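Read through the structure below, which is laid out as structure tokens, and then see the notes.
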2 protein chains.
Amino acid sequence: MVESTGRRPTIYSVADRAGVSIATVSRVLRRPGEVRASTRDRVLAVVEELGYVPDGAARSLAVKSHEAHGLVLPELRGPYYADLLTGYEQGAAEGGASVVVLLTHGKDDVDLLVRRLAGRVDGMVLMGAVPVSTGTVAAVRAKLPVLVLADRHQVSVESFSTENVRSAEQLTRHLIDVHGRRTLRFVGSPEFADDVRERYAGFVAAHEAAGLVPAEPVPATFREDDGPRVASLLVEDGLGADGVVCANDELALSVMQRLLAAGVDVPGRISVTGWDDVMAARYVTPGLTTVSQPVRELGREVAVRMRALLEDRHSAPEQHVLPTRLVLRQSCGCA
Amino acid sequence: MVESTGRRPTIYSVADRAGVSIATVSRVLRRPGEVRASTRDRVLAVVEELGYVPDGAARSLAVKSHEAHGLVLPELRGPYYADLLTGYEQGAAEGGASVVVLLTHGKDDVDLLVRRLAGRVDGMVLMGAVPVSTGTVAAVRAKLPVLVLADRHQVSVESFSTENVRSAEQLTRHLIDVHGRRTLRFVGSPEFADDVRERYAGFVAAHEAAGLVPAEPVPATFREDDGPRVASLLVEDGLGADGVVCANDELALSVMQRLLAAGVDVPGRISVTGWDDVMAARYVTPGLTTVSQPVRELGREVAVRMRALLEDRHSAPEQHVLPTRLVLRQSCGCA
DNA sequence: TTGTACGCGTTATCAG
DNA sequence: CTGATAACGCGTACAA
């Protein structure tokens with residue numbers, strides 16, 4: 001086989017030019033110790049000269065590994081997913097794998113894309129909120145290790161998440177016990193995502209523990225846009241509530257801003273809390289009381305676990321839950 | 001429970017089970033129209049039954065395309081990179097390509113990783129701020145199309161960026177003309193990144209146009225941590241300055257918070273401006289005056305351009321510059 | 001309409 | 001220490 005006319009040098013081009021076989025070129029790159037120094041230097045010189053880089057696809061085919069993980073997220077707004085990706089990428093990189101990101105928002109053929117992705121990676125991480133059919137998940141699981149995040153609906157599949165119920169209970173309890181709140185509202189749609197469901201469960205638990213009756217949740221997505229609607233709903237309601245537990249910070253910030261704009265005293269008249277501890281939470285006035293999740297660490301741990309799974313595919317599915325941390329600022333009533 | 005066996009079905013398994021040749025299986029998947037309906041259905045049934053997904057590596061090898069682009073970023077903090085990635089992923093997906101993300105922060109072998117990545121993708125996007133040697137860039141460029149972002153140092157390589165000089169000049173001018181500021185300071189290290197350099201250039205230009213002498217920049221990275229240092233520096237300085245133009249919002253928010261905490265009136269005594277328009281900018285008090293960049297659109301346009309480059313590799317390098325928008329809030333002195 | 005056979009670029013085994 | 005060669009799984013001329 002002679003040099004192909006293609007512009008990209010192959011292992012054959014290098015071998016030819018260095019006067020060795022392709023086996024030697026491969027060895028020089030993978031196990032330099034097994035090659036005589038003089039030969040090695042000659043080959044490396046040619047590699048450098050030609051700018052040779054092994055083709056990843058061919059390599060993957062030969063070693064039977066894509067050296068890549070798939071990470072499927074709904075979107076990338078807010079710090080949560082970005083931090084997750086950051087942590088995951090680090091953990092994956094430590095194992096020599098790169099990360100292929102698939103964002104599902106705005107795509108109408110998610111199932112197809114996920115299936116296709118399954119053919120290019122060694123393992124796949126699925127955010128619980130991504131709109132993918134159980135059939136597709138099953139098909140992918142049959143091919144490679146799958147880890148699901150922030151969704152523990154199915155116990156059969158291994159999952160990671162941050163603690164929600166107890167944190168939400170602790171937060172709600174704080175509002176009730178420390179700040180004497182009695183008519184709290186929860187903002188967010190529990191049926192929307194598993195973590196919201198758990199946060200509401202904690203909200204309910206705190207009420208029951210205090211002998212109070214929890215109110216029905218005020219439906220809202222994770223978008224800031226819902227803030228105004230919720231805020232005016234609270235105001236029109238004659239402000240029957242004296243505290244608002246929001247499913248995330250975007251919602252909380254937006255609601256709080258509207259309340260303040262309407263002349264409502266926060267936290268004097270009403271407490272507001274969020275979830276996530278975004279950057280804005282510590283810059284607004286009053287500072288937003290919220291819950292901080294170790295998202296970056298979560299991402300890294302997920303990656304590490306994925307690497308372990310790739311080594312030994314027969315370990316039983318585990319359910320991992322990482323602890324969160326309550327961040328008390330001023331919006332709840334704390335000094 | 002379905003388990004991943006590690007031995008995935010291949011095109012041969014499907015062909016065998018369906019009683020056809022692999023060519024037919026391949027055709028059914030790629031050009032269904034060329035196959036008789038009955039045969040097609042039989043094959044598809046087996047595909048479904050076995051959960052067959054074509055191996056991406058083998059496919060790439062055969063079609064000579066990785067169907068993937070590389071995106072190399074320093075990190076993922078703040079909304080900039082996340083938005084960029086979001087836009088790019090969308091644009092790439094429209095062309096059927098996935099995105100492999102490489103984060104360089106904290107890695108000490110960036111050049112190696114970038115070279116390796118070059119073997120797994122069809123094109124590569126490099127953020128100007130990533131610490132990669134010119135030699136590596138040259139080597140990668142020899143293999144595949146490379147697009148550089150927010151760095152126009154080398155005209156030979158095609159680049160994308162958002163407008164900096166004129167926007168910074170306009171912003172500075174606003175502080176001078178509208179708010180009567182005379183002793184402005186620029187916070188950020190021009191030598192750190194190309195876009196910071198350009199923003200400082202605009203800062204200088206506005207001064208010259210107004211017959212003022214621009215002060216030397218106050219060195220600072222993009223990190224929030226530098227805020228306190230800069231703020232106390234300004235205060236200790238007897239607050240010789242009546243305005244601070246920061247290289248980005250993180251810096252501005254941090255500086256502003258410290259100034260306010262020290263009892264300094266913002267914007268009464270001193271104006272503060274940022275760059276990027278992060279979420280916190282519209283929630284703080286006073287609202288942060290800043291510059292908004294169409295980052296998402298930028299990402300998408302870069303992806304579209306990359307796809308064009310992949311079609312026709314012989315177009316001359318272009319320098320693309322997207323317009324930005326000045327966002328006036330209260331921290332500059334506006335009502 | 002369907003099947004055969006070869007090429008894609010690398011790794012790894014086994015002789016030499 | 002080095003070389004020849006067989007996989008790896010898929011797409012596709014070319015034949016039938």
Side-chain angles (χ1 to χ4, degrees), chain A residues 1-44 47 50-67 96 116 118-122 143-144, chain B residues 6-44 46-47 50-67 96 116 118-122 143-144:
Chain A
M1 181 68 53
V2 210
E3 268 193 51
S4 69
T5 46
R7 308 168 33 218
R8 324 277 251 271
T10 72
I11 198 170
Y12 289 98
S13 334
V14 177
D16 274 0
R17 196 136 170 64
V20 297
S21 74
I22 63 168
T24 294
V25 175
S26 183
R27 262 190 297 260
V28 165
L29 263 27
R30 302 299 154 201
R31 284 119 56 149
E34 296 180 10
V35 182
R36 188 196 300 158
S38 61
T39 320
R40 185 175 53 210
D41 293 345
R42 187 151 38 93
V43 171
L44 283 177
V47 165
L50 265 44
Y52 168 69
V53 176
D55 182 277
R59 177 176 159 75
S60 287
L61 194 57
V63 301
K64 300 188 209 302
S65 164
H66 295 286
E67 300 175 322
R116 189 171 299 171
R120 318 193 69 89
V121 297
D122 302 318
K143 277 188 70 72
L144 39 83
Chain B
R7 242 183 24 201
R8 317 173 182 183
T10 72
I11 198 172
Y12 290 98
S13 332
V14 177
D16 273 1
R17 196 133 171 60
V20 297
S21 74
I22 63 165
T24 296
V25 176
S26 182
R27 268 189 293 257
V28 166
L29 264 26
R30 303 297 155 203
R31 286 120 54 145
E34 296 181 10
V35 183
R36 187 195 301 160
S38 62
T39 317
R40 184 177 54 208
D41 293 346
R42 188 152 37 92
V43 171
L44 283 177
V46 176
V47 165
L50 265 45
Y52 169 68
V53 176
D55 183 276
R59 178 178 158 74
S60 288
L61 196 55
V63 302
K64 297 187 209 303
S65 163
H66 295 286
E67 299 175 322
R116 190 170 299 172
R120 320 193 68 89
V121 297
D122 302 318
K143 274 190 71 70
L144 40 82

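Here is the naming used below: chain letters follow the sequence lines, and residue numbers restart at 1 for every chain. These numbers were taken from a predicted model, which means no experiment stands behind them. Atom set for the values below is all heavy atoms of this structure, side chains included, hydrogens, waters and symmetry mates excluded.
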[X] [atom1] to [N] [atom2]: how many Å, rounded?
| X | N | atom1 | atom2 | answer |
| --- | --- | --- | --- | --- |
| Glu34(B) | dT12(D) | CD | P | 10 Å |
| Arg31(A) | dT2(D) | CZ | P | 13 Å |
| Arg59(A) | dA12(C) | CZ | C1' | 12 Å |
| Asp55(A) | dG9(D) | CG | P | 17 Å |
| Ile22(A) | dT5(D) | CD1 | C1' | 9 Å |
| Ile11(A) | dT5(D) | CD1 | C1' | 13 Å |
| Tyr12(A) | dA4(D) | OH | C1' | 10 Å |
| Arg42(A) | dC1(D) | CZ | C1' | 12 Å |

>> Quick one about Ser60(B) and Arg120(B) (side-chain donor to acceptor, distance below 3.5 Å, no hydrogens or angles considered), yes or no?
In response: no

[X] near the nucleic acid: base, sugar-phosphate alone, or nothing, with a heavy-atom cut-off under 4.0 Å?
| X | result |
| --- | --- |
| Val25(B) | nothing |
| Thr39(A) | sugar-phosphate |
| Ser26(B) | base |

> Quick one: on DNA chain C, does Leu61(B) or Arg40(B) contact a more 5' nucleotide (nearest heavy atom)?
Replying inline: Arg40(B)

>> Of the options dG9(C), dA4(D), dC8(C), whose atoms approach the side-chain atoms of Ala62(A) most closely?
In response: dG9(C)

Tell me whether the OP1 or OP2 atom of [N] has a side-chain N or O from [X] closer than 4.0 Å.
| X | N | value |
| --- | --- | --- |
| Thr24(A) | dT2(D) | no |
| Thr10(A) | dG9(C) | no |
| Tyr52(B) | dC10(D) | yes |

> Say you draw a straight line from OG1 of Thr24(B) to CG of Leu29(B); how long is it, rounded to the nearest 0.5 Å?
Replying inline: 11.5 Å

> Going from CD1 on Ile11(A) to CG on Asp16(A), what distance comes out if it is rounded to the nearest 0.5 angstrom?
Replying inline: 11.5 Å

>> Testing the basics here: between Ala18(B) and Val46(B), what is the closest heavy-atom pair and its distance to 0.1 Å?
In response: CB-CG2, 3.8 Å

> Crowded around Arg42(A) CZ? As in, over 12 foreign heavy atoms under 6.0 Å?
Replying inline: yes

>> Under 3.5 Å, is there any donor-acceptor pair linking the side chain of Arg27(B) to the base of dG3(C)?
In response: yes

